[in-house]
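In what follows, chains carry the letters A, B, and so on, assigned in the order in which the sequence lines appear, proteins first and then strands, with residues in each chain numbered from 1.
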There are 2 protein chains.
Amino acid sequence: MKKKREGKTTSKIFDDHDHGMCFDDAIEQIENYFLKKNLQFTPLRRKVFEILIRDHKPLGAYEILEALGRDGFSSSPPIAYRVLDFLMEHGFVHKIQGLNAFIACSNPNHSHSPAFVICRKCEKVAEVDEKKSGISFASANIENFEVEKTTVEMTGVCTTCSRAATI
Amino acid sequence: MKKKREGKTTSKIFDDHDHGMCFDDAIEQIENYFLKKNLQFTPLRRKVFEILIRDHKPLGAYEILEALGRDGFSSSPPIAYRVLDFLMEHGFVHKIQGLNAFIACSNPNHSHSPAFVICRKCEKVAEVDEKKSGISFASANIENFEVEKTTVEMTGVCTTCSRAATI
DNA sequence: CATAACATGTTATAACATAACACTATTAGT
DNA sequence: ACTAATAGTGTTATGTTATAACATGTTATG
């Protein structure tokens with residue numbers, strides 16, 4: 001049931017991933033990871049991850065809480081933040097700083113230096129890796145400083161949105 | 001009254017800028033810029049910029065508000081946020097997303113793609129430019145996407161802090 | 001000097017996040 | 001299987017960051 005990846009007119013970076021497959025794969029992948037690492041993939045954690053990956057768009061913590069509530073889970077803030085922290089630690093969720101929002105990781109090999117492309121109009125977000133984006137962190141080990149984590153977010157307008165209206 | 005830039009043992013990126021000069025220069029520079037652009041460098045705006053540049057470290061909006069209050073200015077939140085937005089629009093202040101804090105720009109030519117190096121221990125922040133950092137945004141114009149703004153933050157531990165204690 | 005545009009002041013509230021503690025479920029050691 | 005330890009979830013309260021909406025003052029321009 002693969003979707004075609006070519007022939008689209010919309011911004012490629014937002015579309016060149018097969019979400020149907022992504023969803024199924026991602027669930028399987030996270031299950032395996034947790035199994036292997038002897039971590040509990042509890043109903044709550046599964047649900048949070050599913051909420052994030054089913055739309056595959058950035059969601060605020062409180063949006064996630066609402067979704068949890070609708071699905072019969074507790075929906076007080078710490079619930080979401082704790083699970084999100086946990087999933088982020090293990091690289092299955094990233095935080096988009098510029099949006100105060102969270103998004104499921106779309107990188108099968110869990111790059112720990114993700115970069116995000118964010119359309120400020122439709123708020124779609126694409127996760128790109130160094131090579132695709134043309135960004136190079138290759139030599140980003142600053143002199144006398146040990147970089148542990150990088151945040152890279154590129155905000156702008158995607159083709160679809162810029163076509164739809166002239167700013 | 002220039003300070004020496006060489007011979008220090010601490011992390012260079014945090015120290016290789018002459019802050020005494022930076023302060024005076026920065027004020028002069030912002031004055032000139034505002035004059036040239038016919039913008040008002042009002043007492044409030046000046047004060048906010050001074051607060052930020054005198055310590056040259058990231059300050060939260062509410063810290064800035066406290067400082068404003070101490071100096072006899074109004075200190076309700078919108079005051080700070082409005083001025084900060086204004087100063088950011090013109091490139092004299094940047095927001096450090098990872099800290100929810102604001103910092104005076106230390107780049108005399110107002111690069112609009114600043115990158116920040118943040119020590120998570122001492123919370124010192126250094127603004128670096130592409131060449132120094134080894135990061136390359138040269139080709140970061142993503143296919144079918146117009147990048148307007150980039151956020152780049154590298155978090156880690158500076159030499160001074162990593163020397164002080166083993167994590 | 002009127003008036004439009006800009007700047008600041010103020011109140012209230014929205015949006016985002018965590019502390020602290022209680023309780024439950026799972027795991028590991030005996 | 002029992003129990004102690006650890007991990008996970010639930011709940012209340014509160015802390016922190018940011019903005020909406022509207023009032024007032026100030027400056028530039030015809």
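Atom CZ of F102(B) and atom C1' of dT17(D) are 9 Å apart (whole Å). In this entry the distance linking CD of Q97(B) with C1' of dA17(C) reads 16 Å, nearest Å. Summarising the geometry, the separation between CG on L59(A) and C1' on dA15(C) is reported as 15 Å, rounded to the nearest angstrom. In this structure, N38(B) places its CG atom 11 Å from P of dA7(C), rounding to the nearest Å. Atom CZ of F34(A) and atom C1' of dA7(D) are 13 Å apart (whole Å). dT18(C) atom P lies 17 Å from atom CZ of F86(A), rounded to whole Å. What separates CD1 of I79(A) from C1' of dT12(D) is a distance of 12 Å, to the nearest Å. Note: CD (E63(A)) to C1' (dC16(C)) measures 12 Å, nearest angstrom.
Under the 4.5 Å side-chain heavy-atom criterion for ILVMFWY residues, a single connected hydrophobic cluster contains both L68(A) and Y62(A). In the hydrophobic cluster analysis, where Ile, Leu, Val, Met, Phe, Trp and Tyr join through side-chain heavy atoms closer than 4.5 angstrom, F86(B) is grouped together with I27(B). I51(B) and V83(B) fall within the same hydrophobic cluster, where Ile, Leu, Val, Met, Phe, Trp and Tyr residues are linked whenever their side-chain heavy atoms come under 4.5 Å apart, directly or through other members. V125(A) and F102(A) are assigned to two separate hydrophobic clusters, defined by single-linkage of ILVMFWY side chains at heavy-atom distances under 4.5 Å. In the hydrophobic clustering of ILVMFWY residues, with side-chain heavy atoms under 4.5 Å counting as a link, L87(B) and L65(B) come out together.
Put simply, CZ on F73(B) and CD1 on I64(B) are 13.5 Å apart, with the number rounded to the nearest 0.5 Å.
Within residues 44-52 of chain B, the residues having any heavy atom closer than 4.0 Å to DNA chain C are, in order of number, L44(B), R45(B). Within residues 64-77 of chain A, the residues approached by DNA chain C to less than 4.0 Å at the level of any non-hydrogen atom are P77(A), in residue-number order.
Looking at which nucleotide of DNA chain C each of N100(B) and P78(B) is closest to, the 5′-most match is held by P78(B).
A close approach under 4.0 Å does not occur between any side-chain nitrogen or oxygen of Q40(A) and OP1 or OP2 of dA7(D). For T42(B) and dT8(C), the shortest distance from a side-chain N or O to OP1 or OP2 is below 4.0 Å. OP1 or OP2 of dT19(D) has not a single side-chain nitrogen or oxygen of Y81(B) nearer than 4.0 Å.
Side-chain to base pairing of Y62(A) with dA17(C): one donor and one acceptor N or O lie within less than 3.5 Å of each other.
Between the side chain of Q97(A) and the backbone N or O of T151(A) there is no donor-acceptor pair closer than 3.5 Å. Judged by distance alone, the side chain of E127(B) and the main-chain N or O of S106(B) form a donor-acceptor pair under 3.5 Å.
Under the side-chain hydrogen bond (donor to acceptor under 3.5 Å, both in side chains) criterion, E31(B) pairs with R46(B), sequence neighbours left out.
Summarising the base pairing, dG30(D) is matched to dC1(C) through a Watson-Crick or G-U wobble pair whose two defining distances lie under 3.5 Å.
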